[in-house]
Amino acid sequence: MARAISSSSPHSGTRPIVFEFATHSAVDRHVRSLVAAARETLGGSLPGTRRQVAEGLGVGLREDSRIGRLIGMYDYSGPTITINPTLWRDRVEFTFYHEITHHLLELDGSLISYLQDHVKDSPSHQRTIERACNVGAAEFLVPHASVRTLAEQSNWDADLIRCVHGSFGASWIATLLQIASIAPHSCIAVVFGLEEDSHCSEETIWGTNARLSISPVVLNSLSSNSMKYWLARGTLLPSDHPLFHSWMEGIDIDEHGYIPYKSGKRQPCRCVGLRRGGIVLGLLHAGTPVPIGQRRLFS
Ligand SMILES: [Zn+2]
């Protein structure tokens with residue numbers, strides 16, 4: 001999933017800085033413009049198959065189940081995307097467009113150049129790229145403008161997640177992360193599940209065989225623009241967390257809880273949880289969710 005930033009990158013100090021990327025929202029706007037341009041290249045709508053999308057955007061595609069625990073990777077020297085096809089469908093789809101966004105960022109070069117010149121801290125450099133790729137994947141599958149319309153009068157609850165998913169029929173992961181990307185308040189969207197189920201069948205993930213004996217971890221997450229912190233992939237879901245109860249009991253929840261940071265710190269929040277098969281989709285509201293339409297009235 002990660003693309004290593006190395007000194008051999010073709011963008012090392014070779015391009016002029018075109019954009020300023022000091023905020024998440026500036027990065028998001030740029031990524032969405034790259035996705036819009038890619039859609040245009042593809043004729044306005046996404047072709048039926050991943051291979052057609054990859055070919056249309058000039059990147060090779062390998063589907064290989066032997067890439068270990070990786071779920072996908074992008075090699076800019078090809079350029080080639082490698083996807084593990086044994087993942088469950090939702091995750092394959094989201095991962096593919098995440099890697100496609102790595103490709104778009106590489107071709108464009110401006111964000112990578114900016115980070116290399118202005119952000120010396122490699123982990124935050126990498127986090128910015130990975131967050132941008134999640135925003136891009138969500139934008140391919142669930143365009144943000146339409147989600148914004150649906151969210152305008154919502155309470156940022158499980159009904160909104162169901163409504164967006166029902167409207168687009170796209171990946172649950174893309175649905176959830178796009179909601180967080182447009183949220184005007186501080187929140188984190190998070191998908192918890194079993195990492196080892198990367199290699200399990202569709203039935204195991206979505207059917208009655210979903211295993212409940214091991215604690216789930218963060219598979220995907222996205223912080224809203226105003227959220228200062230994030231949930232790292234692999235962070236364990238504590239057994240006293242409301243989302244754990246949602247996951248164990250197969251129920252949707254909306255109650256007071258906390259954000260379970262990897263460091264062990266707990267930040268109070270409102271927890272919205274939706275259990276789907278072997279995963280639980282969470283919206284962790286650290287700030288007060290004000291409907292977008294209402295916010296405009298007072299701004
Ligand atoms: Zn990545």
Side-chain angles (χ1 to χ4, degrees), residues 1-42 53-54 57-60 70 72-82 94-145 147-148 174 177-178 180-184 186-189 220-233:
M1 206 158 177
R3 172 209 179 277
I5 304 297
S6 71
S7 57
S8 61
S9 166
H11 302 298
S12 301
T14 58
R15 288 176 180 237
I17 299 302
V18 181
F19 297 97
E20 285 295 334
F21 296 109
T23 63
H24 282 319
S25 42
V27 173
D28 292 358
R29 276 195 301 277
H30 179 61
V31 170
R32 286 170 182 150
S33 74
L34 294 180
V35 171
R39 278 182 172 277
E40 228 169 87
T41 301
L42 294 168
V53 172
L57 297 176
V59 58
L70 286 175
M73 57 191 289
Y74 172 69
D75 178 0
Y76 64 81
S77 64
T80 308
I81 286 171
T82 305
F94 189 84
T95 301
F96 172 71
Y97 284 103
H98 174 103
E99 304 303 340
I100 283 284
T101 308
H102 271 294
H103 177 59
L104 300 182
L105 290 174
E106 194 69 38
L107 287 182
D108 174 74
S110 55
L111 176 60
I112 294 172
S113 293
Y114 176 86
L115 293 172
Q116 287 176 342
D117 288 355
H118 292 78
V119 181
K120 304 303 177 197
D121 170 25
S122 180
S124 57
H125 186 148
Q126 193 66 36
R127 271 197 305 274
T128 301
I129 293 288
E130 293 305 321
R131 184 185 184 283
C133 291
N134 280 341
V135 169
E139 185 67 16
F140 266 113
L141 296 164
V142 188
H144 79 286
V147 176
R148 190 176 287 275
L177 269 52
Q178 189 64 286
S181 84
I182 63 155
S186 298
C187 77
I188 300 179
N220 292 89
S221 79
L222 188 81
S223 300
S224 67
N225 286 322
S226 59
M227 185 75 201
K228 193 173 173 186
Y229 304 108
W230 64 92
L231 275 175
R233 190 174 157 206

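In this chain, numbering begins with 1 at the start of the sequence shown.
Side-chain contact between Arg127 and Arg131 is absent, with no heavy-atom pair separated by less than 4.5 Å. Taking 4.5 Å as the limit, every side-chain heavy atom of Ile188 sits out of range of all side-chain heavy atoms of Leu222. Residues Pro143 and Arg39 form a side-chain contact, since some pair of their non-hydrogen atoms from C-beta on lies under 4.5 Å apart. Side chains of Tyr74 and Thr80 form no contact here, defined as non-hydrogen atoms less than 4.5 Å apart. Annotation: side chain of Asp28 is in contact with side chain of Asn225 (closest heavy-atom distance under 4.5 Å). You'll find the side chain of Ile81 stays beyond 4.5 Å of the side chain of Met73, heavy atoms only. For the pair His24 and Val135, the minimum side-chain heavy-atom distance is 4.5 Å or more. Contact check for Ile112 versus Glu106: side-chain heavy atoms found under the 4.5 Å cut-off.
Contact detail for Ala132 and Thr101: the closest heavy-atom pair is O-CG2, 3.9 Å. Of all heavy-atom pairs between Phe140 and Ala38, the closest is CZ-CB, 3.9 Å. Taking all atoms of both residues into account, the shortest heavy-atom contact from Cys133 to Leu105 is SG-CD1, 3.9 Å. Of all the heavy atoms in Asn134 and Ser221, the pair that sits closest is ND2-O, 3.5 Å. Nearest heavy-atom pair, Pro184 versus Ser226, reported as atom, atom and distance to 0.1 Å: O-OG, 3.7 Å. Between Ser77 and Asp75, the shortest heavy-atom contact is OG-OD1, 2.7 Å.
From Ser224, atom OG reaches atom CH2 of Trp230 across 14.0 Å, with rounding to the nearest 0.5 Å. A distance of 9.5 Å separates OH in Tyr114 from OG1 in Thr128, rounded to the nearest 0.5 Å. Distance check: His144 NE2 to Ile182 CD1 gives 8.5 Å after rounding to the nearest 0.5 Å. Of the inter-residue distances, the one linking Leu34 atom CG with Leu111 atom CG reads 9.0 Å to the nearest 0.5 angstrom. With rounding to the nearest 0.5 angstrom, the CG atom of Leu177 is 11.0 Å from the CG atom of Leu141.
Relative ring orientation between Phe94 and His98 is described as tilted, the plane-to-plane angle lying within the 30° to 60° band.
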Criterion side chain to side chain contact (heavy atoms under 4.5 Å, CB included) on Ile129 and His102, from CA distance to verdict: CA-CA 8 Å; Ile129 293 288; His102 271 294; 3.6 Å; yes
Full working for side chain to side chain contact (heavy atoms under 4.5 Å, CB included) between Gln116 and His125: CA-CA 8 Å; Gln116 287 176 342; His125 186 148; 3.5 Å; yes
Test side-chain hydrogen bond (donor to acceptor under 3.5 Å, both in side chains) applied to Ser110 and His30, step by step: CA-CA 10 Å; Ser110 55; His30 179 61; 3.3 Å; yes
Evaluation steps, side chain to side chain contact (heavy atoms under 4.5 Å, CB included), between Leu42 and Leu57: CA-CA 7 Å; Leu42 294 168; Leu57 297 176; 4.1 Å; yes
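A side-chain donor-acceptor contact under 3.5 Å links Gln178 and Ser181.
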